[in-house]
Amino acid sequence: MPAESQMALADLHTHTYFSDGTESPARVVEMAKAAGLAAIAITDHDNIDAFPVALPIAQQLGIELLVGIEMSASYDGLEVHLLSYGFDRENVVLQKHLSEQKARRVERVHTMVKRLQAVGCQIEAEEVFAIAGAGTVGRPHVARVLLKHGYISRLSEAFSRYIGPDNPGFVPGSPLAPKEVIRVIRAANGIPVLAHPIFLKRDQLIATFVEQGLGGLEVFHSNHPPDAVARYNKLANRLGLLKTGGSDFHGDTKEGLPIGTSAIPYHFVEALKRRSA
Ligand code: AMP
Ligand code: ZN
Ligand code: FE
Ligand code: FE
């Protein structure tokens with residue numbers, strides 16, 4: 001048996017500047033390699049543009065890069081994040097969904113900015129787009145603009161006062177139900193995985209999503225304490241779900257969270273690849 005320290009590990013949840021992370025795809029791959037990981041997936045929000053950029057670097061460094069994404073959905077007013085792995089990036093159903101989602105997210109920023117202006121925050125949508133650049137625009141970019149203008153003193157404050165689910169500036173990341181997003185992922189031959197179930201706070205919904213085609217559960221996540229890992233591990237066993245995990249690395253957007261946190265043994269990756277083959 002290999003010693004624990006030699007066990008191959010994978011981080012299947014990372015973000016780059018193609019969504020709300022602050023690092024380039026190359027840098028994420030380099031950091032993963034430096035952390036000693038055997039494999040990673042880049043899972044930008046509603047965006048797969050990092051993959052072709054990161055792949056040659058991963059090949060050069062000898063680290064496995066899996067195709068991944070984190071897609072937004074909403075259910076009963078709750079934000080639902082669906083990770084997906086092993087899909088066909090060229091699939092037309094997926095491509096159409098991503099371009100519609102891109103347009104919705106732009107529209108969402110205009111709506112959020114109007115709502116924030118109505119509560120006294122003098123910010124402009126153009127400032128948000130300038131920070132997001134070419135990638136998927138989202139709430140962390142809005143938070144950065146609020147910070148720049150001094151309406152908050154830390155990024156997390158944006159989510160407790162202005163753009164979190166109970167705040168005046170909140171607009172869901174997608175109006176689509178998980179069922180519809182699962183359908184898109186399945187159409188592209190991917191495996192849909194419910195991300196960080198601890199944030200959903202409604203474990204009983206997971207069985208419903210399984211009936212709708214959910215294939216996996218993110219059992220391991222940087223925000224899952226040991227008791228949550230144990231609970232989701234049992235739930236995944238009971239529902240016959242694949243198990244995944246990772247850091248949810250975002251660079252400076254989530255400070256103090258290095259790549260490789262909550263990394264998983266490589267056998268989980270093998271199981272995922274077997275199911276998607
Ligand atoms: P969006 O997809 O635009 O709704 O943005 C979701 C992202 O916002 C998450 O992936 C996190 O990076 C960030 N986020 C959500 N809630 C918080 C929070 N309470 N504090 C800091 N960042 C958060
Ligand atoms: Zn994010
Ligand atoms: Fe998420
Ligand atoms: Fe994430």
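Residue numbers count from 1 along this sequence. Atoms within a ligand are numbered from 1 in the order they appear, just like the ligands themselves.
- In the model, Asp44 has a side-chain atom that pairs as donor or acceptor with a side-chain atom of Thr16 under 3.5 Å.
- Within the structure, ligand 1 has Arg105 among the residues with a heavy atom less than 4.0 angstrom away.
- Contact annotation for Asp20 and ligand 1: only side-chain heavy atoms (C-beta onward) come within less than 4.0 Å of the ligand.
- Residue His81 counts as close to the Fe ion (ligand 3), with an N, O or S atom under 2.8 Å.
- By the 3.5 Å distance cut-off applied to N or O atoms, His250 is counted among the residues near ligand 1.
- For ligand 1, the polar-atom distance check against His81 finds no nitrogen or oxygen pair separated by under 3.5 Å.
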Legend entry - Step-by-step salt bridge (charged side-chain N to carboxylate O under 4.0 Å, His left out) determination, Lys102 to Asp46: CA-CA 8 Å; Lys102 186 172 187 169; Asp46 296 326; over 6 Å; no
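- Ranking the protein heavy atoms by distance from atom 1 (P) of ligand 1 puts Arg108 NH1, 3.6 Å first.
- Between Val193 and Ser84 there is no side-chain heavy-atom pair separated by less than 4.5 Å.
- When distances to the Fe ion (ligand 3) are checked against a cut-off of 2.8 Å, His45 contributes no N, O or S atom below that limit.
- Atom 19 (N) of ligand 1 has as its closest protein heavy atom Phe159 CB, 3.3 Å.
- Looking at heavy atoms from C-beta onward, Met71 lies in side-chain contact with Leu94 at the 4.5 angstrom threshold.
- Checked for salt-bridge contact, Glu64 and Lys273 meet the test: a charged N lies under 4.0 Å from a carboxylate O.
- Counting only heavy atoms from C-beta outward, the side chains of Ser276 and Tyr85 never approach each other to under 4.5 Å.
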Side-chain polar contacts of residues 125-141 - donor-acceptor pairs under 3.5 angstrom, sequence neighbours left out - could you list them?
residue, atom, partner, partner atom, Å
Glu127, OE1, Glu124, N, 2.7
Glu127, OE1, His149, NE2, 3.4
Glu127, OE2, Lys148, NZ, 3.2
Glu127, OE2, His149, NE2, 2.5
Thr136, OG1, His45, O, 2.8
Thr136, OG1, Asn47, ND2, 3.4
Arg139, NH1, Ile163, O, 3.1
His141, ND1, Gly138, N, 2.9
His141, ND1, Gly138, O, 3.4
His141, NE2, Ser19, O, 3.4

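- For the 3.5 Å distance criterion, the side chains of Arg108 and Ser174 fail to qualify, holding no donor opposite an acceptor.
- Taking 4.5 Å as the limit, some side-chain heavy atom of Phe51 sits within range of a side-chain heavy atom of Leu65.
- Residues Leu200 and Glu79 are not in side-chain contact: their nearest non-hydrogen atoms beyond the backbone lie 4.5 Å or more apart.
- For atom 6 (C) of ligand 1, the nearest non-hydrogen atom of the protein is Arg139 NH2, 3.8 Å.
- Under 2.8 Å from the Zn ion (ligand 2), one finds the following protein N/O/S atoms: Asp20 OD1, Asp20 OD2, His45 NE2, His250 NE2.
- Classification of Arg274 and Glu270 as a salt-bridged pair fails, no side-chain N sitting under 4.0 Å from a carboxylate O.
- Assignment of Leu155 to the shell around ligand 1 is not supported, since no heavy atom sits closer than 4.0 Å.
- Put simply, the side chain of Leu272 does not reach to within 4.5 Å of the side chain of Lys243, judged on heavy atoms.
- Atom numbering of ligand 1 starts at 1 in the shown order; those under 4.0 Å from a heavy atom of Gly138 are 3 (O).
- Scanning the protein for heavy atoms near atom 8 (O) of ligand 1, the closest one is Pro140 CG, 3.4 Å.
- Val219 places none of its side-chain heavy atoms less than 4.5 Å from the side chain of Leu235.
- Side-chain contact check for Pro197 versus Ile206: some heavy-atom pair is nearer than 4.5 Å.
- Angle NE2(His196) to the Fe ion (ligand 3) to OE2(Glu70), rounded to 10°: 100°.
- Not a single heavy atom of Gly173 sits under 4.0 Å from any atom of ligand 1.
- Metal site remark for the Fe ion (ligand 3): Glu79 contributes no N, O or S atom at a distance under 2.8 Å.
- In terms of N/O distances under 3.5 Å, ligand 1 is not approached by Thr253.
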